[in-house]
Novice: 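Just dropping this structure here.
These numbers were taken from a predicted model, which means no experiment stands behind them. Residue numbers begin at 1 in each chain, while the letters A, B, ... track the order of the sequences.
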Amino acid sequence: MSTGLNVETIKTDVLIIGGGTAGCYAAYVLGHSGKYDVLIAEKANIKRSGCLAAGVNAINAYITEGRVPMDYVDYAKNDAKGIVREDLLLSMSEGLNEVTKVLEDNGLVILKDENGKYVTRGNRNIKINGENIKPILAKMASGQSNVKVLNHINITDYIVQNNEIYGAVGFDVNEKKAYIIKAKTVLAATGGAAGLYRPNNPGFSRHKMWYPPFNTGAGYAMGIRAGAEMTTFEMRFIALRCKDTIAPTGTIAQGVKAKQMNGLGEIYETKYGVATCERVYGTTKENQEGRGPCYLKTDEITKEQEEELYKAYLNMAPSQTLKWLEGGQGPATQNVEIEGTEPYIVGGHTASGYWIDNNRATTVKGLYAAGDVAGGAPQKYVTGAIVEGKIAGQSIEHFLDEENKNDSDKYKISDKDFESEALKYIKKYNIFLENKESLITIEQAEETMQKIMDTYAGGIGSNYQYNETGLNLAKEKLEGLIDVVESLHAGDMDDLLQIYEIKERMTVCFSVIEHLKARKETRWHSFAENMNYPDESDDFNKYINSYSKDGKINVITRELVDAKHKLLFSFDDNNNVHFGGDV
Amino acid sequence: MSIFINGQKCAGCRKCVEVCPGNLIKIQNGKAVIKREKDCWGCTSCLKECKTGAISFFLGADMGGKGSVLSVDEAGDERKWTVTAPDGTEKTIVVNTKESNKY
Ligand SMILES: Cc1cc2nc3c(=O)[nH]c(=O)nc-3n(C[C@H](O)[C@H](O)[C@H](O)COP(=O)(O)OP(=O)(O)OC[C@H]3O[C@@H](n4cnc5c(N)ncnc54)[C@H](O)[C@@H]3O)c2cc1C
Ligand code: SF4
Ligand code: SF4
């Protein structure tokens, strides 16, 4: 290897890819019990990486007094028009309050009333100061003696043979160094995918998006390539946000009860329905039909409320406070303009991601998934991602206990086979480092991908609408981009990181396109607005799933799983997955 | 939108380099510099981490920015956020980190 990437091999019991919300909590759970060695591989630094970097505004998923977990399941199910995994939602909802207490015990500030009870916001939220939630979680994870953290390591590929995982490969994002990590089990906790579509502010502020631009869908892409079954990629997530800053609107809508109002001063809030997708759709429609721009009507709030909003935004989206102060007009004098974002794929808000069983096991033996990367359970939010991390951690421990009982040799792949498989991926890194410089830059490739998705696969520019002809064209054009991406030159490890980010986004895009094509109905306006099939159809009261084989994406459908039936996977001697449990 | 690093105040301690969720800051000639200013997410993690006040944050013109900067200073449980306009006028908001959001 002439470019001389140093290679280090590490062995661990459990590899956690992504030290974000779910990953840190899984490490904490496994660390607490202390039986197995855990390694977190994180592309940034767990202290402030992922969704929680800036802080969060509230605990959005909580079972408030007088409510039961099944109420939460019903809420999420209604919001997603029935396409959810009730079993996953139920096991998640049952754990929400407990993990919230653990967070509080570890330093999260939660607002309490005079009787010491949490103060609620609506039926499912509690009020917090969530600015430092990520440092709290990071400390909980790294404080365990058997948890090792490797920061600034970007994982690119799983090592899977015969549908069983043996580890993963990655590289240091700063130093010329590659890592081969041999692990008995792996937890994918890389979050969702941003940057697939052309963003709201495509110029200087292109990364001022809602979802972290650094969560680029690596976990989805690695799973797709390894043949894992995936679900519901067609349920894209589009956030309704404050214009320009893409700051959350919930704080204003719920906090000071501001209504959605169009440019004519009409409240359109309930005209289109109140499901998450319909709130976006309403705003899109009002604009499309010439009644924009749209606002949250805040000009009746008091100066005191305005001051509190300034503070609340500083704790989670400081750019919004800066915008208000810099412009000289706060929300008490000027209504807040709103817009829909570009579509994201994010399993914590919608149901896209790995097809998992109730233990958070994927269809690849030894591979687990939790948080935004895992499918089936929308409206997870921060506490739901944490519960999934907890369940996955516990399942992994159980899996390892069983493996230990069954046979002594856990590394079924020979060291030689493992090594040669791993080196194949490392060779690819070297190819990018050795590619000749060309006139096509990494930035151009990324913009081209985003433009294709925007134009033909239902981005902002096409009002989130698409049809089959367009989707086919998107696929064709993206295929044409593959060679361009493969010939990109990486001058250093930072370039290599950006190239891999585009590669994984492209892999996700191809799957999203197939899923959008397969759901021949429009169940969720804007999230999946299929112009060939503008109405909802009972024929699609099922999941659209997919798996890749020999480079081809195969789409299948599966029947809905309800809360009374827990789906559990088992693997036969040939590692074929069987769906069991109560289904 | 992006960050601005004041080289005169920067002590080269690497804290911001370590913490940026996008790995966007590096040390060059002993000072922190942002690698690609268009790739900043605006999370302000680096501002909070920097103890010398070298980093501030601004909105690009495409977001309505007019050249004001946001900076933050920490003392005990208090975080003092300051918006400084191009003409030097300042507006300050203090947030107590032990107090919950009202909304
Ligand atoms: C801006 C914003 C505000 C939010 N506000 C709220 C709120 O107020 N209340 C609420 O309840 N929920 C909120 N949410 C939702 C909640 O934060 C997320 O659903 C949850 O944090 C997701 O957890 P996760 O572990 O799946 O992802 P993350 O916490 O993002 O973790 C993913 C991790 O994987 C790492 N990673 C990615 N790819 C790789 C790779 N290839 N190799 C190694 N590491 C990798 C990332 O750097 C990151 O650390 C918000 C989300 C966002 C984006
Ligand atoms: S604001 Fe956040 S994304 Fe931007 S440079 Fe600082 S730490 Fe990195
Ligand atoms: S944290 Fe501040 S002082 Fe330290 S390197 Fe960064 S800018 Fe310089």
Novice: Using non-hydrogen atoms only, which part of A/Tyr211 is less than 4.5 Å away from chain B: side chain, backbone, both, or neither?
Specialist: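 The backbone, not the side chain.
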Novice: Tell me, do B/Arg79 and B/Lys48 make a side-chain contact under 4.5 Å, heavy atoms counted?
Specialist: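 A side-chain contact under 4.5 Å exists here.
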Novice: Chain B heavy atoms under 4.5 Å from A/Cys51: which part of the residue, side chain, backbone, both or neither?
Specialist: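 Answer is backbone: N, CA, C or O of A/Cys51 sit under 4.5 Å from chain B.
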Novice: Between chain B and each of A/Ala317, A/Gly250, A/Pro212, count heavy-atom pairs under 4.5 Å; write down the option with the most.
Specialist: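 Ranked by heavy-atom pairs under 4.5 Å with chain B, first place is A/Pro212.
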Novice: One pair to check against ring pair (Phe, Tyr, Trp, His ring centres under 6.0 Å): B/Trp81 and A/Tyr310. What are the steps and the verdict?
Specialist: CA-CA 10 Å; B/Trp81 295 87; A/Tyr310 289 159; over 10 Å; no
Novice: Quick check: do A/Ile128 and A/Val56 have side-chain heavy atoms less than 4.5 Å from each other?
Specialist: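 Side chain of A/Ile128 against side chain of A/Val56, heavy atoms only: contact under 4.5 Å found.
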Novice: What part of B/Trp41 is in contact with chain A, defined as an atom under 4.5 angstrom from a non-hydrogen atom: side chain, backbone, both or neither?
Specialist: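 When you check distances to chain A, atoms from both the backbone and side chain of B/Trp41 fall under 4.5 Å.
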Novice: So, do A/Asn129 and B/Lys98 sit near enough that their side-chain heavy atoms are less than 4.5 Å apart?
Specialist: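 A side-chain contact is absent here, since even the closest heavy-atom pair is not under 4.5 Å.
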Novice: So what's closer than 4.5 Å to chain B heavy atoms on A/Asn315: side chain, backbone, both or neither?
Specialist: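 Only the side chain of A/Asn315 comes within 4.5 Å of chain B.
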Novice: Counting a contact as any heavy-atom pair under 4.5 Å apart, which residues of residues 3-21 of chain B contact chain A?
Specialist: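 The residues closer than 4.5 Å to chain A, in numerical order, are B/Val17, B/Glu18, B/Val19, B/Cys20, B/Pro21.
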Novice: Using heavy-atom distances under 4.5 Å, tell me whether A/Ala312 contacts chain B through its side chain, its backbone, both, or neither.
Specialist: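 Its backbone and side chain both get close to chain B.
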Novice: Does any backbone or side-chain atom of A/Ile246 lie under 4.5 Å from a heavy atom of chain B? Answer side chain, backbone, both or neither.
Specialist: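 Contact with chain B is absent: no heavy atom of A/Ile246 under 4.5 Å.
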Novice: Taking C-beta and beyond as the side chain, do A/Phe214 and B/Leu24 meet within less than 4.5 Å on heavy atoms?
Specialist: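 When only atoms from C-beta onward are counted, B/Leu24 and A/Phe214 do touch, with a gap below 4.5 Å.
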Novice: With a 4.5 angstrom heavy-atom cut-off, which part of A/Glu501 approaches chain B: side chain, backbone, both or neither?
Specialist: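 Neither part.
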Novice: Is the number of heavy atoms from other residues, nucleotides or ligands under 6.0 Å of B/Asp87 CG greater than 12?
Specialist: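 Counting other residues, nucleotides and ligands, CG of B/Asp87 exceeds 12 neighbours.
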Novice: Would B/Phe57 and B/Val69 count as a side-chain contact (heavy atoms from CB on, under 4.5 Å) here? Give the steps.
Specialist: CA-CA 5 Å; B/Phe57 169 76; B/Val69 294; over 6 Å; no
Novice: Pair B/Thr82, B/Glu90 - check side chain to side chain donor-acceptor pair (under 3.5 Å), show working.
Specialist: CA-CA 6 Å; B/Thr82 306; B/Glu90 288 185 356; 5.2 Å; no
Novice: Would you mind checking which part of A/Glu42 comes under 4.5 Å of any heavy atom in chain B, side chain (CB onward), backbone (N, CA, C, O), both or neither?
Specialist: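 Answer is neither: A/Glu42 stays 4.5 Å or more from chain B.
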Novice: With a 4.5 angstrom heavy-atom cut-off, which part of B/Val94 approaches chain A: side chain, backbone, both or neither?
Specialist: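 Interface part for B/Val94: backbone (N, CA, C, O).
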Novice: Which is it for B/Asp39 and A/Arg206 under the salt bridge (charged side-chain N to carboxylate O under 4.0 Å, His left out) test, yes or no, and what are the steps along the way?
Specialist: CA-CA 7 Å; B/Asp39 283 352; A/Arg206 65 182 181 193; 2.6 Å; yes
Novice: Heavy-atom pairs under 4.5 Å with chain B: which of A/Asn132, A/Thr245, A/Asp494 has the most?
Specialist: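 Result: the option with the highest number of such pairs is A/Asp494.
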Novice: Determine, step by step, whether A/Lys134 and A/Ser49 satisfy the side chain to side chain donor-acceptor pair (under 3.5 Å) criterion, reporting the C-alpha distance in whole Å, the side-chain angles of both residues, the deciding distance to 0.1 Å, and the verdict.
Specialist: CA-CA 8 Å; A/Lys134 191 65 210 288; A/Ser49 62; 2.8 Å; yes
Novice: If you count heavy-atom pairs under 4.5 Å with chain B, which of A/Leu497, A/Leu111, A/Asn125, A/Ile252 comes out on top?
Specialist: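 Counting heavy-atom pairs under 4.5 Å, the top option is A/Leu111.
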Novice: Contact between B/Thr97 and B/Glu78 at the side-chain level, heavy atoms closer than 4.5 Å - yes or no?
Specialist: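 No; the side chains remain at least 4.5 Å from each other.
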Novice: Let me know if A/Trp210 has heavy atoms under 4.5 Å from chain B in its side chain, its backbone, both or neither.
Specialist: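 Looking at A/Trp210, just its backbone touches chain B.
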Novice: Might you point out which heavy atoms bring A/Asn57 and A/Met316 nearest each other, and give the distance in Å?
Specialist: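 Taking every non-hydrogen atom into account, CB-SD, 3.1 Å.
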Novice: So what's closer than 4.5 Å to chain A heavy atoms on B/Lys26: side chain, backbone, both or neither?
Specialist: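 No part of B/Lys26 comes within 4.5 Å of chain A.
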Novice: What option among B/Ser2, B/Gly60, B/Gly22, B/Gly64 has the most heavy-atom pairs under 4.5 Å with chain A?
Specialist: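 It is B/Gly22.
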Novice: Salt bridge or not for A/Glu131 and A/Arg48, using N-O below 4.0 Å?
Specialist: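 Judged by the 4.0 Å cut-off on N to carboxylate O distance, A/Glu131 and A/Arg48 do form a salt bridge.
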Novice: Relative to chain B, which segment of A/Gln254 carries a heavy atom at a distance below 4.5 Å: side chain, backbone, both, or neither?
Specialist: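 No part of A/Gln254 comes within 4.5 Å of chain B.
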Novice: Measure distances from B/Lys66 to the heavy atoms of chain A and classify the residue's part below 4.5 Å as side chain, backbone, both or neither.
Specialist: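 Both backbone and side chain.
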Novice: Do B/Lys38 and A/His207 have side chains that approach each other closer than 4.5 Å (heavy atoms only, starting at C-beta)?
Specialist: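 B/Lys38 vs A/His207: side chains apart.
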Novice: Under a 3.5 Å threshold, yes or no: a donor from one side chain and an acceptor from the other, between A/Asn201 and B/Asp62?
Specialist: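 On atom types as modelled, these side chains do not qualify, holding no pair under 3.5 Å.
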Novice: Please look at B/Thr44 and chain A and tell me whether the side chain, the backbone, both or neither of the residue comes under 4.5 angstrom of a heavy atom of that chain.
Specialist: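 The side chain, not the backbone.
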Novice: When heavy-atom pairs shorter than 4.5 Å are enumerated against chain B, which of A/Ala44, A/Gly327, A/Gly255 gives the highest number?
Specialist: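 If we count pairs closer than 4.5 Å to chain B, A/Gly255 comes out on top.
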